[in-house]
Amino acid sequence: MSSKNGFEPMAVIGEHGSIAFRLTVWYAVLSVVLIASAGSILYWVLADRLRQEDDQWLAGRIAQVRIILLLHSRDTAALQEEVHREAAMLPGSYLRVVDAQGINVIEAPIPHAVASGRPFADPRFRTRGDEQGVDWASGSGETYRLLSARVGVGAGFTVQVAMNRTSEEEVLAAYRRILWLALSASLAIAVIAGYLIARRGLQPVSRLAAIIAELSAAQLHRHVVDDDWPRELQPLAANFDQLLVRLDESFVRMSRFSADIAHELRTPLHILQGEAELALSKDRSKEQYRDCIASATEEYERLARMVDALLFLARTEQPDSLPNKQTLVIEHEVAAVCAFYQALADEQETTLIAGGPGTVLADSALLRHALGNLIINALNHTPSGGSVVVDVTKTSDRAVEIVVSDTGEGIAPEDLPHVFDRFYRADSARFRQGAGTGLGLAIVRSIMLLHGGSVSIDSQLGRGTAATLRFPAT
């Protein structure tokens, strides 16, 4: 039950508590439980052993009295003398012989010679003869062990013997006190030693935390796993190194991306600034102002396309960005995209061929966006008289591949690994319709990642390029 302010005491030992504290508690509890268990077992064994020895001794006294009864059952005087002599041999022992009618025949020592707390005062033991030892505590605090047995001599007798085992109880009491002291001392030692051991054992964790705290963006190349870590921390150090590698790559991409954005924005902004300064340098005709505004509009459009592309990439990289997938007829989607770019293909005297039936589970708008980016790239890099073909195939593992191939200029091998990087352009790129944003293929890759698929490009200089969209089997 939590308190009014919401504090839960078990939370200190639970998930939010100190590991060293939790280890100390468990170590102390385990130590005390083990010592208490061992001490309790030893105590039980000692007490049981003492009772067994007492019962054996009492059984020996009964055997002696049985012999006396056999010899002097008809001579009362001799019987009393022998019984009293037997009782006097060991101080603290008591004997009583009861006949079949429950009348005391002999009792030694004599009742008036002992304190009122004599062991046979309890009537429950008067006729008891089951040969089972029992303990009895007197009113004065003394403890006795009693044993009785029936003897078939004459009309029958019941022999009851008892011994004072107060000294044994004092030994057991002293053992209990020592056990409690040992438990208290072991608890204190276990707490102190457990805490020191836990703190020492957790020093590598503290060292790892100190190393992590010292890391900065300029130290992401450091390898934590190179240090001599305990076996339990080696997977953590290795995973942290992998995290550092990913962070380092992300920082490098962010830095390059920021530099690329600055570079891409600088050119149109300089153009706009130069044209504005040129227009303001002196009075010009309406046609010249119109040309200046038209040129600025082209740069504005290019900036708008770049911003739209960046916003699209940012949305696709959000963790909660999920495409609206549905089963699409690929032939219809490809035909719609090709129809949109047919006019551009006709203007460039390039053949645009769409074909290949099939279905795919995808977002229609995103699929058309990816296809459009690949087709416009193919058209921009294919000379007049060339062709751009969109084909659909189904692989042996039931995946669907949409291939956009052209007979254009191709991509150099050294440029292929970078074509999906943002703002990357091959040196040989020459666009007919003005400079692109350099984000088209990056957008295609993001779209395919959203669908759980992939995109790849094969190209040969002077022979053309083939871009493949691979959608997983549904």
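Position 1 is the first residue of the sequence; numbering continues from there. Since the model is a prediction, treat every value here as computed from it, not as a measurement.
- Separation of atoms OG1 (T158) and CD1 (I62) is listed at 10.0 Å; rounding is to 0.5 Å.
- The ring-ring contact (aromatic ring centres under 6.0 Å, His included) check on H332 picks up nothing, with sequence neighbours excluded.
- When side chains are defined from C-beta on, N377 does not count as touching T465, because their heavy atoms never get closer than 4.5 Å.
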Practice prompt. Any chance you could lay out the side chain to side chain contact (heavy atoms under 4.5 Å, CB included) test for D55 and Q52, step after step, and finish with the verdict?
Written response: CA-CA 5 Å; D55 290 344; Q52 289 180 7; 5.7 Å; no
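- Residues A162 and L146 approach most closely at CB-CG, 3.8 Å, considering heavy atoms.
- Nearest heavy-atom pair across S186 and I35 is CB-CD1, 3.2 Å.
- Side-chain atoms of E168 and L172, non-hydrogen and from C-beta on, never get closer than 4.5 Å to each other.
- Using a 4.0 Å cut-off between charged nitrogen and carboxylate oxygen, R145 and D54 do not count as a salt-bridge pair.
- Using a 4.5 Å cut-off on side-chain heavy atoms (C-beta onward), L187 and L183 make no contact.
- Heavy-atom contacts from other residues, nucleotides or ligands closer than 6.0 Å to CZ of R199 number 12 or fewer.
- Atom-to-atom distance recorded for L469:CG and M448:CE is 5.0 Å, nearest 0.5 angstrom.
- Between F157 and V65 there is no side-chain heavy-atom pair separated by less than 4.5 Å.
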Discussion item. Apply side chain to side chain contact (heavy atoms under 4.5 Å, CB included) to residues L42 and Y175 and explain how you reach the verdict.
Written reply: CA-CA 10 Å; L42 292 176; Y175 184 94; 3.1 Å; yes
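- Taken to the nearest 0.5 Å, the CG atom of L374 stands 11.0 Å off from the CD1 atom of I443.
- Between R470 and T395, the closest side-chain pair of non-hydrogen atoms falls below 4.5 Å.
- With values rounded to the nearest 0.5 angstrom, N164 atom CG is found 7.5 Å from T143 atom OG1.
- Here the CG atom belonging to D458 is positioned 11.0 Å from the OG atom belonging to S405, to the nearest 0.5 angstrom.
- Within the 4.5 Å cutoff, no side-chain heavy atoms of N239 are placed close to those of L243.
- Residues A370 and V444 come closest through the heavy atom pair O-CG2, 3.8 Å.
- To the nearest 0.5 Å, atom CZ of residue R66 and atom CD of residue Q64 are 10.5 Å apart.
- Between A190 and A28, the shortest heavy-atom contact is CB-CA, 3.7 Å.
- Within the 3.5 Å criterion, the main-chain N or O of L441 finds no donor-acceptor partner in the side chain of N373.
- H451 places no side-chain N or O within 3.5 Å of a backbone atom of L361 that could act as its donor or acceptor partner.
- Of all heavy-atom pairs spanning I457 and A467, the tightest one is CG1-CB, 4.0 Å.
- Both the sub-6.0 Å distance and the 45° axial angle are not jointly satisfied by R22 relative to the ring of W26.
- L416 approaches S459 most closely through the heavy-atom pair CD2-CB, 4.1 Å.
- Y195 OH: 12 or fewer foreign heavy atoms inside a 6.0 Å radius.
- Considering only heavy atoms from C-beta on, D363 stays 4.5 Å or farther from L450 through its side chain.
- Contact of the D135 side chain with the R165 side chain is registered, since non-hydrogen atoms from C-beta on lie closer than 4.5 Å.
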